[in-house]
Every structure is written in C-alpha cells, then in structure tokens.
Amino acid sequence: MYNRHYTGKIELAVLDTAGTFCDGPQDLRSRWPLDDLRGCKAPVVPFYEALLAHGIDVPWSSIRKPMGNFKPTHLRMLLELPEVKEQFIAKNGRDWNEDDFDAILATFRPLMSKYIVDPDLSKPIEGALECIARLREAEILVGCDTGYYSEDSKRLNQSLVDRFGMKFDVATNAEKVPGRPWPFMVFDCMLQAYELTKKVIPVESVVKIDDTAAGMKCGNNAGAWTIGLYATGSNTYDELAASKPDYLIPSVKYVPDIVFYEIEPRLRRGERPGQGIIETI
C-alpha cells in the first residue's frame with residue numbers, strides 16, 4: 001500500500017481558553033474561600049454559584065470533572081454525577097428534569113458572562129503572549145477553541161485584544177460545532193484557516209494545545225499533534241497522560257520549543273502524530 005507522509009512545517013496551532021492561555025493558577029481565596037489554587041476558575045465559579053443558588057453545594061473538584069465540554073453539556077454531566085444527583089434528590093424528593101436543567105442553566109449564563117471577562121480570571125498565563133508571538137513569527141496561524149458560548153468567547157477574545165494585544169486568527173463556535181472529545185472544533189479551525197489563506201493544510205500540520213483530557217481526545221480524534229498542559233489548568237498530569245497526548249508540558253510558555261525542536265524535526269522525518277510517545281519537560 002502506498003502511503004504519503006507529510007514532511008512540512010506546523011501550519012496551525014489550536015489553543016483552548018481557560019487554563020491554557022489565560023485564567024492560570026493563582027491564589028484568589030480572598031474572593032472565593034473554596035479556591036483550590038488551580039487554573040481554569042472562570043467556568044468553575046459560575047457553576048458553583050448557579051448550583052448553590054438552587055440549593056446544591058458542589059465541591060470544586062466535582063465541578064472540574066467534566067471540564068472541556070460545551071457548558072450546557074458540562075452542566076448535564078454535573079447533574080449526573082452521583083454526589084450531585086444524590087444531593088438533588090435529597091433536597092427535592094425526586095431526580096432532576098429538563099425544567100430544573102433549564103432553570104440552573106438560566107442562572108449560570110449571566111454568571112459565566114460576568115466571570116469570563118473578570119480581570120483576575122482573564123489575564124494571560126505567563127508566557128502566553130510570547131508563545132503566540134513566536135508562533136506568528138514562524139508563520140503559524142493561531143486558533144482558539146473553547147467550550148464557552150460563542151458570545152462569551154467573543155467578549156473574552158475582544159478583551160484580550162483590548163487589554164493585551166492578544167489576537168487569534170481563527171476561533172470556533174461551540175454552539176454550532178460538536179465539541180470535545182469529538183474532532184470537529186479542530187476541523188472548524190482548519191476550515192477557517194483555509195477560508196483565510198485559501199491554502200489547504202494537512203491535519204499532520206496542526207497542533208492542538210489544551211489543559212483538559214477532553215481537549216487531548218479532540219486533537220487525537222482529529223489526527224493532529226497534541227500537547228497537554230498539566231500545571232496551569234483543570235486536569236492533572238495523570239488525567240492528561242491517560243488521554244495519550246504526544247507531549248506533556250507544564251504550561252503554554254514551552255509550546256514554541258516543543259513545536260520547533262520536537263514536532264517539526266519529527267515531521268521532516270516523515271513521522272505522524274499519535275504514535276503513543278509521550279514526551280515531557
């Protein structure tokens with residue numbers, strides 16, 4: 001059988017949002033006493049407050065379990081967690097239904113819109129600005145995918161432009177594209193990259209960067225290179241390793257070195273992503 005191997009450069013980097021390029025680890029216990037000091041708080045806080053408003057007190061550790069999913073999907077998964085379901089039934093004498101889901105989601109939406117641009121939670125992670133600048137210098141398009149609502153994602157991205165000059169070339173719409181762990185947000189960024197440049201890029205020239213296991217599975221399912229960030233977001237080293245990324249690194253600041261000195265030399269040798277090799281630094 002004849003197999004063609006791509007031997008070019010990386011053309012597109014697709015980054016997740018909270019815990020990947022912004023909303024990194026910091027101590028905000030002065031604002032939220034339950035703060036676990038980890039990154040990716042912007043989705044956790046509104047889920048916690050929305051559920052609490054409906055009489056359900058959910059630990060941050062439980063809220064983090066479905067992280068990386070589109071937010072309504074995330075809420076459904078939370079309501080199905082045994083520790084949440086039991087508490088809901090104990091309070092209401094029955095299991096939750098669609099009216100309950102809609103009510104909690106309606107409480108969550110304005111809180112998410114508020115916290116996504118919170119100055120403490122929308123700050124770029126150390127090295128994020130430099131990472132994007134180095135990728136752009138190498139003529140790599142920079143994309144953003146997220147489980148946020150499209151309106152919230154646009155507000156955050158515009159805030160990053162206005163406050164820090166951080167701008168993405170393409171961005172997915174999680175309300176229209178099936179989310180993680182499916183591959184379509186990566187494919188959507190690839191399609192937008194084509195519409196922008198009129199240049200078809202192979203998936204082997206795409207790298208997916210994320211702090212969640214769901215994001216790693218998204219990249220793996222797409223056939224892209226995957227880089228997991230274990231020190232700045234929701235998922236631990238072991239949780240990310242179980243999703244079998246190509247590389248595991250502490251934070252986004254190391255991404256350019258992995259792309260230029262690890263992935264691109266492998267591409268020139270004709271290697272493909274997803275060969276079961278996890279490299280860490």
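Here the closest non-hydrogen pair linking Cys22 and Ser122 is CB-O, 3.8 Å. Annotation for Asn69 and Pro66: closest pair ND2-O, 2.6 Å, computed over non-hydrogen atoms. Contact record, Leu240 with Gly228: CD1-C, 4.2 Å, taken as the closest heavy-atom pair. Considering all non-hydrogen atoms of both residues, Phe108 and Pro43 come closest at CE1-O, 4.3 Å. Between Thr146 and Asp16, the closest heavy-atom pair is CA-OD1, 4.1 Å. In plain terms, the two heavy atoms of Phe260 and Pro265 that are nearest each other are O-CD, 3.4 Å.
Comment: Glu11 engages Lys199 in a salt bridge, judged by a side-chain N to carboxylate O separation of less than 4.0 angstrom. With salt bridges taken as basic N to acidic carboxylate O contacts below 4.0 Å, one links Glu80 and Lys85. Ion pair Asp210/Lys208 flagged as a salt bridge, since at least one NZ, NE, NH1 or NH2 atom sits closer than 4.0 Å to an Asp/Glu carboxylate oxygen. Salt-bridge check for Arg266 with Glu204: failed, with every basic side-chain N at 4.0 Å or more from each acidic carboxylate O. Of the charged side-chain nitrogens involved, at least one lies within less than 4.0 Å of a carboxylate oxygen, so that Glu98 and Arg76 count as a salt-bridged pair.
Counting only heavy atoms from C-beta outward, the side chains of Ile104 and Leu51 approach each other to under 4.5 Å. A 4.5 Å side-chain heavy-atom check between Tyr149 and Ser113 finds every atom pair outside the cut-off. Looking only at side-chain heavy atoms (C-beta outward), Thr17 and Asp23 stay at 4.5 Å or farther from each other. Contact of the Lys217 side chain with the Pro183 side chain is not registered, since no non-hydrogen atoms from C-beta on lie closer than 4.5 Å. Put simply, the side chain of Phe70 does not reach to within 4.5 Å of the side chain of Arg180, judged on heavy atoms. Within the 4.5 Å cutoff, the side chain of Ile132 has heavy atoms near those of the Met166 side chain. Side chains of Leu37 and Arg29 form a contact here, defined as non-hydrogen atoms less than 4.5 Å apart. Contact of the Arg163 side chain with the Lys123 side chain is registered, since non-hydrogen atoms from C-beta on lie closer than 4.5 Å.
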Does the pair Glu130 and Lys253 meet the rule for a salt bridge (charged side-chain N to carboxylate O under 4.0 Å, His left out), with working shown? CA-CA 7 Å; Glu130 294 79 3; Lys253 70 184 290 186; over 6 Å; no

What do the steps show when you test Thr226 against Asp246 for side-chain hydrogen bond (donor to acceptor under 3.5 Å, both in side chains), and what is the final call? CA-CA 5 Å; Thr226 49; Asp246 293 294; 3.3 Å; yes

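Tested against Trp225, the residues Val207, Val259, Asn220 include a single side-chain contact (heavy atoms from CB on, under 4.5 Å) partner, Val207. With Lys41 as the partner, the side chain to side chain donor-acceptor pair (under 3.5 Å) test is satisfied by one option alone out of Asp35, Asp120, Asp118: Asp35.
Cluster partners of Leu191, using a side-chain heavy-atom cutoff of under 4.5 Å among ILVMFWY residues and allowing indirect links: none. Hydrophobic side-chain contacts under 4.5 Å tie Val203 into a cluster, directly or through other members, with Leu12, Val14, Leu141, Val170, Val177, Trp182, Phe184, Met185, Val186, Phe187, Met190, Leu196, Ile201, Val206. Counting side-chain heavy-atom gaps under 4.5 Å among Ile, Leu, Val, Met, Phe, Trp and Tyr, Ile89 is found in no cluster with other residues.
Checked by atom type, the side-chain pair Asp238/Thr236 shows no donor-acceptor distance below 3.5 Å. At a cut-off of 3.5 Å, with distance as the only test, no side-chain donor of Thr232 or Asp211 sits close to an acceptor on the other residue. In this structure, a donor-acceptor pair under 3.5 Å is absent between the side chains of Ser150 and Glu175. A donor atom on one side chain and an acceptor atom on the other are not found under 3.5 Å apart for Tyr230 and Glu239.
Put simply, the side chain of His74 gets close to the backbone of Ile63: a donor and an acceptor are under 3.5 Å apart. With hydrogens and angles disregarded, no donor-acceptor distance shorter than 3.5 Å links the side chain of Asp145 to the backbone of Cys189. Judged purely by atom type and a 3.5 angstrom limit, Gln87 has no side-chain atom pairing as donor or acceptor with the backbone of Ile56. Under a 3.5 Å cut-off, the side chain of Lys9 and the backbone N or O of Ala138 do form a donor-acceptor pair. Of the possible donor and acceptor atoms, none in the side chain of Ser159 sits under 3.5 Å from a partner among the backbone N and O of Arg155. Judged purely by atom type and a 3.5 angstrom limit, Asp169 uses its side chain to pair as donor or acceptor with the backbone of Val142.
Under the 4.5 Å side-chain contact rule for hydrophobic residues, Leu34 and Leu28 share a cluster.
Rounded to the nearest 0.5 Å, atoms CG (Leu129) and CZ (Phe164) are 7.5 Å apart. Atom CD1 of Ile263 and atom OH of Tyr247 lie 5.5 Å apart (nearest 0.5 Å). Note: Leu15 CG to Leu229 CG = 8.0 Å, rounded to the nearest 0.5 Å. Annotation: the span from Leu267 atom CG to Ser205 atom OG amounts to 8.0 Å, rounded to 0.5 Å.
For the pair Arg272 and Tyr6, the cation-pi test (distance below 6.0 Å, angle within 45°) is failed. Geometrically, Lys198 engages Tyr194 in a cation-pi contact defined by less than 6.0 Å to the ring centre and at most 45° from the axis.
More than 12 heavy atoms of other residues, nucleotides or ligands lie within 6.0 Å of CD in Glu83, so this atom counts as buried by the packing criterion.
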